Amino acid sequence: MLDTAKTTAPVLILLGPPGAGKGTQARMLEEKFGLVQLSTGDLLRAAVAAGTEAGKAAKAVMEAGGLVSDEIVIAILRDRLGDEDCAKGVILDGFPRTTVQAEALDGLLEESGQKINAAISLEVEDAAMVTRISGRYTCGSCGEGYHDTFKQPVKDGVCDKCGGTEMKRRADDNAETVASRLEAYHAQTAPLIAYYQGKGSLQSVDAMGEIDRVAGALRAIVETATA
Ligand code: ADP
Ligand code: ADP
Ligand code: ZN
């Protein structure tokens with residue numbers, strides 16, 4: 001039994017409010033540990049852009065800063081988890097966000113004989129979120145994330161990773177939706193901290209520090225959790 005558990009691909013969860021740094025950190029962990037970042041936000045935005053049924057149903061909810069239905073999000077996540085590249089191991093960024101999603105994830109992992117190595121909570125103060133979210137932008141070509149103040153590319157307007165010059169801002173990254181998104185986080189997602197604590201898989205990181213400092217703390221946790 002112990003041997004089997006050791007050889008299954010790692011499953012890591014990043015928990016935290018909007019703007020906590022989940023996407024930023026997930027990409028760094030992806031690079032460092034050869035894992036796949038699974039962001040339900042990215043998957044939903046792709047569905048909206050492609051005009052799929054799920055995308056059509058999700059669009060207005062996302063614009064208003066609410067949570068998309070568990071049914072839609074779980075279906076999207078389940079499909080993506082089944083892709084071959086996910087066999088390397090995954091970092092879940094923005095999923096689960098409700099207890100129903102967490103239970104569905106437990107069921108999916110059980111079916112495939114996998115387990116959660118760590119659910120890592122990025123701890124930040126609500127007051128920091130507006131600044132983080134309103135200054136966020138990403139490279140349209142590779143998705144690398146930037147910030148007007150906290151993470152500027154070396155050359156203004158040019159992506160450090162891919163040289164792309166088309167930078168994008170999200171429609172929902174404005175001061176009006178931040179309040180709704182934080183409310184949804186506290187009401188529906190924050191209870192997952194106790195959920196994973198109860199299962200013995202919770203780890204917490206102070207995410208108020210600089211990006212590289214947070215990354216260092218996360219690396220140490222992931223190294224231990226996947227050893
Ligand atoms: P999330 O995926 O949790 O919503 P992001 O990773 O997109 O958050 O980060 C939100 C914004 O804040 C981005 O513009 C990012 O560059 C910036 N950011 C991320 N981590 C930090 C940090 N530790 N300190 C300051 N800014 C950060
Ligand atoms: P952030 O981390 O900044 O909140 P995301 O990119 O993770 O942004 O999510 C953007 C939006 O997509 C959310 O506000 C929500 O409407 C929807 N969404 C993403 N993941 C989920 C999920 N697991 N459950 C429900 N809605 C989700
Ligand atoms: Zn790029």
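One-based numbering, in listed order, for ligands and for the atoms of each. From a predicted model like this one, the values you see are computed outputs, not experimental measurements. Residue numbers count from 1 along this sequence.
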Can you tell me the protein heavy atom closest to atom 2 (O) of ligand 2 and the distance? K22 NZ, 3.0 Å

Flag yes if more than 12 heavy atoms outside K151 fall under 6.0 Å of its NZ atom; otherwise flag no. yes

Hey, does the side chain of T138 reach the backbone of G145 with a donor-acceptor pair shorter than 3.5 angstrom? no

Is the shortest N/O to N/O distance between D93 and ligand 1 below 3.5 Å? no

Which of the ligand 1 atoms, numbered from 1, are nearer than 4.0 Å to a heavy atom of G23: 1 (P), 2 (O), 6 (O)

Around atom 23 (N) of ligand 1, find the nearest protein heavy atom and jot down its residue, atom name and distance. G209 O, 2.8 Å

Does the residue G16 have a heavy-atom contact with ligand 1, meaning some pair of atoms that are separated by less than 4.0 Å? no

Which residue owns the protein heavy atom closest to atom 24 (N) of ligand 1, what's the atom, and how far is it? R132 NH2, 3.4 Å

Identity and distance of the protein heavy atom lying nearest atom 21 (C) of ligand 1: I211 CG1, 3.3 Å

F150/E210 under side-chain contact (heavy atoms from CB on, under 4.5 Å): CA gap, chis, key distance, verdict: CA-CA 8 Å; F150 306 126; E210 283 178 14; over 6 Å; no

List every atom of ligand 2 that sits less than 4.0 Å from any heavy atom of P18, numbering the atoms from 1 in the order shown and giving each element. 1 (P), 2 (O), 3 (O), 4 (O)

If only side-chain N and O atoms count, and only distance matters, is there a donor-acceptor pair under 3.5 Å linking E71 with S69? no

Give the contacting part of R213 toward ligand 1: side chain, backbone, both or neither, where contact means a heavy-atom distance below 4.0 Å. neither

Measure the distances from the heavy atoms of G41 to every atom of ligand 1 and state whether one is below 4.0 angstrom. no

May I ask you to identify, for V68, whether its side chain, its backbone, both or neither come under 4.0 Å of ligand 2 on a heavy-atom basis? both

List every atom of ligand 2 that sits less than 4.0 Å from any heavy atom of R45, numbering the atoms from 1 in the order shown and giving each element. 6 (O), 10 (C)

Okay, side chain of D83, backbone of D85: is any donor-acceptor separation there less than 3.5 Å? no

Would A20 count as being in polar contact with ligand 1, using the rule that some N or O on each side must be under 3.5 angstrom apart? yes

Among V48, L44, L105, which residue places a heavy atom closest to atom 17 (C) of ligand 2? L44

Of all the heavy-atom pairs spanning D160 and V154, show the shortest one and how long it is. OD1-N, 2.9 Å

Shortest protein heavy-atom distance from atom 20 (N) of ligand 2, along with the residue and atom involved: T40 OG1, 2.8 Å

Measure Q188 to ligand 2 on non-hydrogen atoms and call it side chain, backbone, both or neither using the 4.0 Å cut-off. neither

Before moving on, can you tell me the angle at the Zn ion (ligand 3) between the SG atom of C142 and the SG atom of C159, to the nearest 10 degrees? 110°

Numbering the atoms of ligand 2 from 1, which are under 4.0 Å from a heavy atom of Q101? 22 (C), 23 (N), 24 (N), 25 (C)

Below the 3.5 angstrom mark, is there an N/O of G135, backbone or side chain, next to an N/O of ligand 1? no

Of the non-hydrogen atoms in I91 and A26, which two are nearest, and what is the gap between them? CD1-O, 3.5 Å

Using a strict 4.0 Å cut-off to heavy atoms of Y146, name the atoms of ligand 1 that fall inside it. 13 (C), 14 (O), 16 (O)

In terms of heavy-atom contacts, G164 and C139 come closest through CA-SG, 4.5 Å

Taking atom 11 (C) of ligand 2 as the reference point, the nearest protein heavy atom with its distance: M62 CE, 3.9 Å

Do you know the tightest heavy-atom contact between K161 and Y146? N-OH, 3.9 Å

Quick test: of every protein heavy atom, which one is nearest to atom 8 (O) of ligand 2, and how far off is it to 0.1 Å? R170 NH2, 3.1 Å

Can you give the angle C139 SG - the Zn ion (ligand 3) - C162 SG, rounded to 10°? 100°

Proximal ligand 2 atoms for R136, defined as those under 4.0 Å from one of its heavy atoms: 3 (O)

of all protein heavy atoms, closest to atom 4 (O) of ligand 2 is R97 NH2, 2.8 Å

Heavy-atom nearest neighbour of atom 9 (O) of ligand 1 within options L14, T24, D148, L122: T24

Evaluate side chain to side chain donor-acceptor pair (under 3.5 Å) for T177 paired with D172, printing each intermediate quantity in order. CA-CA 6 Å; T177 59; D172 60 340; 5.7 Å; no

Can you confirm, on distance only, whether ligand 1 has an N/O atom lying under 3.5 Å from any N/O atom belonging to K151? no

Check whether any N or O atom of G66, backbone or side chain, sits under 3.5 Å from an N or O atom of ligand 2, and answer yes or no. yes

Please check whether F150 reaches ligand 1 - meaning an N/O of the residue sits under 3.5 Å from an N/O of the ligand, judged on distance alone. no

Within a distance under 4.0 Å of any heavy atom of E210, pick out the atoms of ligand 1 and give their elements. 23 (N)

Could you tell me whether K59 approaches ligand 2 through its side chain, its backbone, both or neither, with non-hydrogen atoms closer than 4.0 Å? neither

Any N/O of G145 closer than 3.5 Å to an N/O of ligand 1? no

